[in-house]
Amino acid sequence: MKPTLKTLLAAAAGAAFLTAGMAQANERLLIGSTSSSSSHYGYFVAVNQIINSQVEGVSASVAETGATVDNLRRLGRNQIDMGLVTTNTGYHAYAGQEDFDGRPVDSRLLWVYTVAPQNVVMRQDAGVSTLEDLEGVRFNPGITGSATEKTTEAVMRTLGISPDYVRGSTTDIVDAMKDGRVMGSAKSGVGNRLDGSSMDIATFTPISVISLTDEQADTLREEMPDIAIVDVPEGAGEGIAAYTTWAFGVAVHAHPDLDEETAYRIVKAVMENPEPQANAFSAVRDADLAQMTLEVGTVPLHAGAARYFEEQGLEIPDSLRPVE
């Protein structure tokens, strides 16, 4: 049967409609996250929903990955467009250090969504009131194989302090601190609060958190640009005074080829829609993500992210200014 003019026009209109729809969602992005069992995975699901509902012309999806190192390698191979990256390892990849020695990965910072202060938690009866007092003391630098362990050892080397390191899992170290076989441990905080295992220890024996001195903080700022120095206010735990310690953030990095306008609109949408993120990952509730990014970030911002922060009147540190 020969098509009529009416059917030809209808077909043309339908094709035009489909073409327009494709034009409105013509950029597809893949976001690398972490294990689906992690609370951080839920955060990235929330970010994905924000992008798909708020950023016109972009369709995003989340991939379960092996987290930071895996995401950086995928970024380097152009297999993902954005991904979860801890700020310390992100710096190592950018600078071609540590696990990325001789094989740098060029990624760009979009934003930091949480900060993990590294708390030196001690039994009060250990007689340790300064980091120097840790010399020769039985001390756990962090759970075996963790970023905390690796970073703590680097900090102690930089400051010239040699504790008697004791290795083990969270359960091992909590039990050992409770009965006095280990006198202290480095543990990641949850925002400005001590983690659950530290609070558990505190129910058995009084604890304290050791602070960096001003001189130590300055030394780490100068010699370890992969970490941040943060001030934790009083109240991280019952009876815990304010202290200064090192930290790393958990961030979202992007491939440097991500379109500037797209990056700008994604960062704008995330910064201006905090509630879905807080519902998925409580640590971000009431957090100032923009300020956190500028304080804790370790690699240059994506030009689109920098544009958004500058529009908000924020001053971008020289170390985070976009590069070609």
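As the structure is a computational prediction, the values presented were derived from the model and not from experiment.
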**Q.** Over 12 non-hydrogen atoms of neighbours within 6.0 angstrom of CD in Glu315
**A.** no

Q | Within-4.5 Å side-chain heavy-atom neighbours: Tyr308 and Arg265 | A | no

**Q.** Sub-4.5 Å side-chain heavy-atom contact between Leu134 and Met122
**A.** yes

Q) Regarding Thr245 and Gln118, is there a side-chain donor-to-acceptor distance under 3.5 Å anywhere? A) no

Q: Could you check if a side-chain atom of Val105 sits within less than 4.5 angstrom of a side-chain atom of Arg74, using non-hydrogen atoms only?
A: no

**Q.** Taking every non-hydrogen atom, the tightest pair across Ala254 and His302
**A.** CB-CD2, 4.4 Å

Q. In terms of side-chain geometry, is the basic nitrogen of Glu260 or Arg108 positioned less than 4.0 Å from the acidic oxygen of its partner?
A. no

(Q) I'd like to check Thr219 versus Thr158 (side-chain heavy atoms, cut-off strictly below 4.5 Å). Are they in contact? (A) yes

Q. Do Glu149 and Ile143 have side-chain heavy atoms sitting under 4.5 Å apart?
A. no

Q: Flag the pair Tyr165 / Met156 as yes when at least one side-chain heavy-atom distance between them is below 4.5 Å, and no otherwise.
A: yes

Q: Would you tell me whether Asn71 and Thr68 have side-chain atoms, one donor and one acceptor, within less than 3.5 Å of each other?
A: no

Q. Around atom CD of Gln312, are there more than 12 heavy atoms of other residues, nucleotides or ligands at under 6.0 Å?
A. yes

Q | Donor-acceptor pair between Ser37 and Ser35 side chains, under 3.5 angstrom | A | yes

Q.
Under the side-chain contact (heavy atoms from CB on, under 4.5 Å) test against Asn88, which residue among Thr151, Thr298, Val296 passes?
A. Thr151

(Q) Using side-chain heavy atoms (C-beta onward) and a distance below 4.5 Å, is Val155 in contact with Ile227? (A) yes

Q. With distance as the sole criterion, is a donor-acceptor pair present between the side chains of Asp99 and His92 under 3.5 Å?
A. no

Q: Kindly work out whether a path of hydrophobic side-chain contacts (I/L/V/M/F/W/Y, heavy atoms less than 4.5 Å apart) joins Leu30 to Tyr41.
A: no

**Q.** Test log, rule salt bridge (Lys or Arg N to Asp or Glu O under 4.0 Å), inputs Asp70 and Arg73
**A.** CA-CA 5 Å; Asp70 186 22; Arg73 288 173 176 157; over 6 Å; no

**Q.** Same apolar cluster (I L V M F W Y, side chains within < 4.5 Å links), Leu320/Ile229
**A.** no

(Q) Give me the atom names and distance for the closest heavy-atom approach of Asn273 to Ala269. (A) ND2-O, 2.7 Å

Q) Going through the distances and angles, do Arg167 and Glu153 end up as a salt bridge (Lys or Arg N to Asp or Glu O under 4.0 Å)? A) CA-CA 12 Å; Arg167 315 291 176 176; Glu153 290 178 346; 2.4 Å; yes

Q: Could you check whether the rings of Phe281 and Tyr113 sit parallel, tilted or perpendicular, using 30° and 60° as the cut-offs?
A: perpendicular

Q) Does the side chain of Glu27 pick up a donor-acceptor pair with the side chain of Ser59 at under 3.5 Å? A) no

Q: Determine the sole option in Asn140, Val166, Asp125 for which the side-chain contact (heavy atoms from CB on, under 4.5 Å) test with Met183 is passed.
A: Asp125

(Q) Ignoring hydrogens and geometry beyond distance, is a side-chain donor-acceptor pair present between Thr130 and Asp133 at under 3.5 Å? (A) yes

**Q.** Glu311 bridged to Lys268 by N-O distance under 4.0 Å
**A.** no

Q.
Can you confirm whether the side chains of Gln216 and Glu132 place a donor and an acceptor under 3.5 Å from each other?
A. yes

Q. Do you know which two heavy atoms are closest between Ala287 and Met292, and how far apart they sit?
A. CB-CE, 3.7 Å

Q.
Do Phe139 and Asp164 make a side-chain contact, defined as non-hydrogen atoms from C-beta onward lying under 4.5 Å apart?
A. no

Q. Will you find, in the side chains of Asp259 and Tyr264, an N or O donor that is under 3.5 Å from an N or O acceptor?
A. no

Q. Is it the case that more than 12 heavy atoms not belonging to Asp214 sit under 6.0 Å from its CG atom?
A. no

(Q) A quick test of your reading: do over 12 heavy atoms of other residues, nucleotides or ligands sit less than 6.0 Å from CG of Asp286? (A) no

Q) Between the side chains of Asp231 and Thr244, does any donor sit under 3.5 Å from an acceptor? A) yes

Q: Please check if atom CD in Glu222 has more than 12 non-hydrogen atoms from other residues, nucleotides or ligands closer than 6.0 Å.
A: no

Q. Does a side chain donor of either Tyr91 or Glu98 reach within less than 3.5 Å of an acceptor in the other side chain?
A. no

Q) Is any side-chain N of the basic residue among Arg321 and Glu310 closer than 4.0 Å to the acidic one's carboxylate O? A) yes

Q | Donor + acceptor pair across side chains of Thr148, Ser188 (<3.5 Å) | A | yes

Q: Apply side-chain hydrogen bond (donor to acceptor under 3.5 Å, both in side chains) to the pair Ser197 and Asp200, showing each step before the final yes or no.
A: CA-CA 5 Å; Ser197 65; Asp200 183 17; over 6 Å; no

